[in-house]
Student: 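First the structure, which I've put down as structure tokens, then a few questions once you've had a look.
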Amino acid sequence: MRDDGTGLDDGTGLDDRARLDNATGSDDGTRLDGRVAPFWPRRSPHFLQVRTALRGAVQRWRDEHGGNKHWADKHGTDERWAEEHGGAKFVIAVSGGPDSLALAAAAAAEKLPAHVVSIDHGLQDGSRAVSEGAIGQVGQWGLSGQVISVRVVGEPLEAAARHARYQALGDLAGDRPILLAHTGDDQAETLLLGLLRGKASAMGEVSDYQGHTLLRPLLGIRRAHTVGACRELGVAAWNDPHNTDEAFRRVAIRRQVLPLLDQIIGGDATAPLVRAAELLREDDDYLHTLTPKLERSTAATEQCTEPATQPAEPSTQPATKPSTEPATQQPPALEIAELGPPPLARRAIAKFLQQHGARVSASTLEASIAFIHDWHGQGAVSVGNGLELARQAGKLVLLHSSLGDDSQPSASST
């Protein structure tokens, strides 16, 4: 395919751009027609897969959320962001690995107005240099970028690092969508991990994390395309040493379980797992539409106040005189009466916990359902990241943990 680099903001389609002449240029990248030649080769089928996936996901997101006018109405007066980040409408998380670099390159090729962020977790020697190298690379493609350092606290390490990363990205992005480079291979691994935890789960193309929009445009393509795209672009992507450490469950599934499944079925086991995850997401999305009142009760609020020592029901004591003290910020809560039967309640509680940075596991959901259908005054349940879930006054509320640490639920969390 021949391509001159026009992209998402000009409305030109891939088929239209394929007809444009990618004339041979000079050594400095200037073409014979005076325009600057693109940074990708004329024949780059893997990179085209990444670009096509990005284009489709962004267009679906814009259609769902009212297009560019919706964004302009919401952010058009954000002068400080425009000054610091060049008017970017999206934030791209880049680690320096092949998946995220391919995504950033596709955004540059499609002229997506994006600002790139590389999170330095500080978990490995030289991690800052890796992040700076990634930002230097995307800068060669014309994208603005920055490195943000975070402190990772808690166990398990994967979940704690993800929480710290998403918090930092959300603080920077605000209401702008955060683009993540998860591929279909990641989706298959996530499905297997969820099943082993007793709760089938799958990533969505669009999801919410503590009130921030996460957009995963590459879920429909495979890791082979992102690795191939980097090879076509001549990019030396970073290979995280953690990705070969089979002490991490995800890595063990990637390196041991999936190859064994390939062998058992005599083919590609990842493809049907990806399809199963897609069907699961469709089911979840539909079931969430059956609980319209829930969205009002899960509106994000600041995490709370002091934890209660007893998760109690309404007091029977006479009402006291109203206090003149300022009202205390209320913790995030779900109205139990609005949760519906267990299948809907589980999904609602899982979404609620994920939105507020808590961890979801089969044991957490089982304890939550017991709060509703087997209530006998039981105590709060730790949901990780210094949070616990309790029942108070006919609601499920999310509180700061009274344990003073980051204790985990009895089952591994997602």
Student: Is a salt bridge present between Glu278 and Arg275, judged by a nitrogen-to-oxygen distance below 4.0 Å?
Tutor: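 A salt bridge is present here (some side-chain N lies under 4.0 Å from a carboxylate O).
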Student: Any non-hydrogen side-chain atom of Trp141 less than 4.5 Å from a side-chain atom of Trp40?
Tutor: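 Trp141 vs Trp40: side chains apart.
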Student: Between Arg391 (side chain) and Phe371 (backbone), is there a donor-acceptor pair under 3.5 Å?
Tutor: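 Flag set: sc Arg391 to bb Phe371 pair under 3.5 Å.
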Student: Is any side-chain heavy atom of Asp171 closer than 4.5 Å to one of Ile148?
Tutor: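 No, side chains not in contact.
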Student: Any salt bridge between Arg216 and Glu205, counting N to O under 4.0 Å?
Tutor: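 No, no charged N to carboxylate O under 4.0 Å.
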Student: Is it the case that more than 12 heavy atoms not belonging to Asp285 sit under 6.0 Å from its CG atom?
Tutor: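 It does: Asp285 CG has more than 12 such atoms within range.
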Student: Testing the basics here: between Pro343 and Arg347, what is the closest heavy-atom pair and its distance to 0.1 Å?
Tutor: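 In this case the closest contact between Pro343 and Arg347 is O-NH1, 3.1 Å.
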Student: Sub-3.5 Å donor-acceptor pair from the side chain of Thr52 to the main-chain atoms of Gln49, do we have one?
Tutor: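 Flag not set: sc Thr52 to bb Gln49 has no pair under 3.5 Å.
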Student: Going by heavy atoms in the side chains, are Phe248 and Ile253 under 4.5 Å from each other?
Tutor: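 A side-chain contact under 4.5 Å is absent here.
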Student: Working note: Val153 + His163, criterion side-chain contact (heavy atoms from CB on, under 4.5 Å); need CA distance, chi angles, decisive distance, verdict.
Tutor: CA-CA 9 Å; Val153 178; His163 177 66; over 6 Å; no
Student: Using modelled atom types only, decide if a donor and an acceptor are shared between the side chain of His212 and the backbone of Leu169 within a distance under 3.5 Å.
Tutor: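 Judged by distance alone, no pair lies under 3.5 Å.
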Student: Regarding Arg222 and Asp268, does a basic nitrogen lie under 4.0 Å from an acidic carboxylate oxygen?
Tutor: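 Looking at Asp268 together with Arg222, the answer is yes, because their closest N to O distance falls below 4.0 Å.
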Student: Might you point out which heavy atoms bring Leu334 and Ala348 nearest each other, and give the distance in Å?
Tutor: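 Nearest heavy atoms, Leu334 then Ala348: CD1-O, 4.3 Å.
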Student: Within the distance-only criterion (no hydrogens, no angle test), does the side chain of Gln146 pair as donor or acceptor with the backbone N or O of Val117 below 3.5 angstrom?
Tutor: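 Not at all, since once roles are kept as given, no pair shorter than 3.5 Å links the two residues.
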Student: For the CD1 atom of Ile265 and the CD atom of Gln263, what is their distance to the nearest 0.5 Å?
Tutor: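 If I round to the nearest 0.5 Å, the distance is 11.0 Å.
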Student: Apply side-chain hydrogen bond (donor to acceptor under 3.5 Å, both in side chains) to Asp120 and Ser131, showing your working.
Tutor: CA-CA 6 Å; Asp120 173 22; Ser131 289; 4.9 Å; no
Student: Kindly say whether Gly204 contributes a backbone atom to a donor-acceptor pair with the side chain of Ser207 at under 3.5 angstrom?
Tutor: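 Side chain of Ser207 to backbone of Gly204, a donor-acceptor pair under 3.5 Å: no, none is there.
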Student: Check the angle between the aromatic planes of Tyr209 and Tyr166 and answer parallel, tilted or perpendicular using the 30° and 60° thresholds.
Tutor: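 Geometry flag for Tyr166 against Tyr209: perpendicular rings.
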Student: Between Arg223 and Glu189, does any side-chain N to carboxylate O distance fall below 4.0 Å?
Tutor: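 A salt bridge is present here (some side-chain N lies under 4.0 Å from a carboxylate O).
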Student: Is Glu132 salt-bridged to Arg128, going by a charged N under 4.0 Å from an acidic O?
Tutor: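 Yes.
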Student: Drop me the distance from Asp284's CG to Leu280's CG, to the nearest 0.5 angstrom.
Tutor: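 Between atom CG of Asp284 and atom CG of Leu280 there are 5.0 Å.
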Student: Between His182 (side chain only) and Leu180 (backbone N and O only), is there a donor and an acceptor less than 3.5 Å apart?
Tutor: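 Side chain of His182 to backbone of Leu180: no pair is present.
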Student: Using the ring of each side chain (for Trp, its six-membered ring), is His225 parallel, tilted or perpendicular to His46, with breaks at 30° and 60°?
Tutor: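 Aromatic pair His225/His46 classed tilted.
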Student: Decide if atom CD of Glu158 counts as having more than 12 heavy atoms of other residues, nucleotides or ligands within a radius under 6.0 Å.
Tutor: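 For Glu158, atom CD is crowded (more than 12 foreign heavy atoms under 6.0 Å).
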Student: Between Val50 and Leu218, is any pair of side-chain heavy atoms under 4.5 Å apart?
Tutor: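 Side-chain contact under 4.5 Å: yes.
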Student: Just by modelled atom types, is the Val94 backbone N or O under 3.5 Å from a matching donor or acceptor in the Ser118 side chain?
Tutor: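 Yes, Ser118 side chain to Val94 backbone: donor-acceptor pair under 3.5 Å.
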Student: Are Arg51 and Ser44 close enough, and set up right, to give a side-chain hydrogen bond (donor to acceptor under 3.5 Å, both in side chains), and what steps lead you there?
Tutor: CA-CA 11 Å; Arg51 292 181 61 183; Ser44 46; over 6 Å; no
Student: Could you check if a side-chain atom of Thr213 sits within less than 4.5 angstrom of a side-chain atom of Trp61, using non-hydrogen atoms only?
Tutor: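 Heavy-atom side-chain distance check passes, below 4.5 Å.
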Student: Ignoring hydrogens and geometry, is there a side-chain-to-backbone donor-acceptor pair from Glu232 to Phe47 under 3.5 Å?
Tutor: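 Yes.
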Student: Any side-chain heavy atom of Met203 sitting closer than 4.5 Å to one from Arg281?
Tutor: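 Counting from C-beta outward, Met203 and Arg281 never come under 4.5 Å.
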Student: Taking everything shown except Asp125 itself, do over 12 heavy atoms lie less than 6.0 Å from its CG?
Tutor: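 Open.
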Student: Under the 3.5 angstrom rule, does the side chain of Gln378 hit a backbone N or O of His376 as a donor-acceptor pair?
Tutor: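 Checked: pair present.
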Student: Got a donor-acceptor contact below 3.5 angstrom from the Ser368 side chain to the Thr364 backbone?
Tutor: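 Such a contact is found between Ser368 side chain and Thr364 backbone.
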Student: For the atom pair CG (Leu143) and CD (Gln137), what is the distance rounded to the nearest 0.5 Å?
Tutor: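 The CG atom of Leu143 sits 10.0 Å away from the CD atom of Gln137.
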Student: If you define the side chain from C-beta out and look only at heavy atoms, does anything of Asp185 sit under 4.5 Å from Arg254?
Tutor: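 Side-chain contact under 4.5 Å: no.
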Student: Under a 4.5 Å cut-off applied to non-hydrogen side-chain atoms, are Thr226 and Leu103 in contact?
Tutor: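 SC-SC contact between Thr226 and Leu103 ruled out.
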